[in-house]
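Below is one structure, written out as structure tokens; the observations come after it.
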2 protein chains.
Amino acid sequence: MSEKIDSPLKLHNFLPYRLSVLSNRVSQAIADKYNQRFDLSLPEWRIMAVLGEFPDISAGEVAEKTAMDKVAVSRAVSKLLDKGNIERHFAEDDKRRSVLALSETGISIYNEIVPIAVGYEDLILDHLSDDERVLLRNLFDRLDQIQLQI
Amino acid sequence: MSEKIDSPLKLHNFLPYRLSVLSNRVSQAIADKYNQRFDLSLPEWRIMAVLGEFPDISAGEVAEKTAMDKVAVSRAVSKLLDKGNIERHFAEDDKRRSVLALSETGISIYNEIVPIAVGYEDLILDHLSDDERVLLRNLFDRLDQIQLQI
DNA sequence: TGAAAAAGGTTTCTAATGTAACTAATATTG
DNA sequence: CAATATTAGTTACATTAGAAACCTTTTTCA
């Protein structure tokens, strides 16, 4: 009973695969930059990015907003504290809850990285028409809603 | 000299970030499925997928087609050999070069997984109109061309 | 030719990541 | 109000992934 392939999957046309390859390529390109220039890992930069936008939130809120899990946040936070890029104190009404914010150093690094990150985004967006950009954003909004865990 | 943030980055509108979150969500959902049902990691499944489409190619060609690096391929290949999902022999004209293919077992697993994977893809594509699907494919084709390593 | 370089893979050593168990603080409820 | 459960975050252990060194075979070219 020699098995035969029913219908081959065309990998390079398979949406999840293409999504993964493109995403890795883009993330890697940006990560390379702030990795070498600012000694930051992607999770570390991601936390700085969210603290730049939302100062004084807790580790849990960071995890929520960055789609990272709490262990990854905890580890990256402690490295950022070591490097002096962020500051931490604890909530008065709940001594477990941390309150995180960029330090002076963190802010100046943030100010340097943001234009680089935006530059990479533009590198991509430049290849798209206005209509396509709107549509892409719209697509993401809808795809983010889809329930996948079956 | 108290630092101020020049212009905050809106993370949840930042294309590379959105790409990464969506990609991870989709990959994770599919991976969970064949992980529990067939004891396969994502790199392992990816190799099986490419061998289903292109039988009798070398590890190097697998790496190329899957956008994986050669170490990852080597490791996943050896696990797939252990599990009996693939077979390996070596090229006669070049004893270094491996020639990889799905085994009988591998093919029957492949035949089971493909519909599941396609099902997930459809779960996503169902949310898109025909026009949007065409545009999305077109977008990927163009974005894949962009040179990012500056 | 035959020495050096390159190609195809594998192994080793280290760093990153995920899961589960843990500590401390707060909330719940019998 | 004490016992129990829950929450926030950390630590420990196991697995995975990446970089560099490595072994073999093949190619190059002096």
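Chain A is the first sequence line, chain B the second, and so forth, proteins listed ahead of strands; every chain is numbered from 1.
Nucleic acid contact for B:Ser58: sugar-phosphate only, since backbone atoms but no base atoms lie under 4.0 Å from a heavy atom of the residue. In this structure, B:Ala72 reaches neither bases nor backbone, as no heavy-atom distance under 4.0 Å exists between it and the strands shown. Looking at heavy-atom distances under 4.0 Å, B:Ser78 makes no contact with the nucleic acid at all. Backbone-only contact: A:Lys95 has heavy atoms under 4.0 Å from sugar-phosphate atoms and none from a base. Across all strands, B:Ser98 comes closer than 4.0 Å only to sugar-phosphate atoms, never to a base (heavy-atom distances).
Regarding B:Leu42, its CG atom lies at a distance of 15 Å from the C1' atom of D:dT15, rounded to whole Å. Put simply, CG on B:Asp82 is 14 Å from C1' on C:dT10, counting in whole angstrom units. In this entry the distance linking CG of A:Asp93 with P of C:dA27 reads 8 Å, nearest Å. The CG-P distance, from B:Asp69 to C:dG8, rounds to 15 Å in whole Å. In this structure, the CD1 atom of A:Ile47 is 14 Å from the C1' atom of C:dA16, given to the nearest Å. Rounded to whole Å, atom P of D:dA19 lies 9 Å from atom CG of A:Asp32. What separates CG of B:Leu100 from P of C:dG9 is a distance of 7 Å, to the nearest Å. The separation between B:Lys70 atom NZ and D:dT24 atom C1' is 13 Å, rounded to whole Å.
In this structure, a donor-acceptor pair under 3.5 Å is present between the side chains of A:Asp32 and A:Gln28.
Considering only side-chain atoms of B:Asp94, the nucleotide from C:dG8, D:dT26, D:dT11 that sits closest is D:dT26. Side-chain proximity of A:Ala59 to the nucleotides C:dT19, D:dG9, C:dT10 is greatest for D:dG9. Comparing atom distances between the A:Arg97 side chain and each of C:dT17, C:dT19, D:dG9 picks out D:dG9 as nearest.
Judged purely by atom type and a 3.5 angstrom limit, A:Ser27 uses its side chain to pair as donor or acceptor with the backbone of A:Ser23. Under a 3.5 Å cut-off, the side chain of A:Ser78 and the backbone N or O of A:Arg75 do form a donor-acceptor pair.
Mapping A:Arg75 and A:Glu92 onto DNA chain C by nearest heavy atom places A:Arg75 closer to the 5' end of the strand. Taking for each of A:Ala91 and B:Arg96 the nucleotide of DNA chain C with the nearest heavy atom, the 5'-most of the two is the partner of B:Arg96. Along DNA chain D, the nucleotide closest to A:Gly60 and the one closest to B:Lys79 are compared, and the more 5′ of them pairs with A:Gly60.
Taking the ring centre of A:Phe54 as origin, the terminal cationic atom of A:Lys65 falls inside the region bounded by 6.0 Å and 45° from the ring axis.
Phosphate proximity of D:dT10 to A:Arg88: present, with a side-chain N or O under 4.0 Å from OP1 or OP2.
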Next item on the list: Show your working on side chain to side chain donor-acceptor pair (under 3.5 Å) between B:Arg25 and B:Ser20 and close with a plain yes or no.
Entry: CA-CA 8 Å; B:Arg25 226 165 57 89; B:Ser20 158; over 6 Å; no
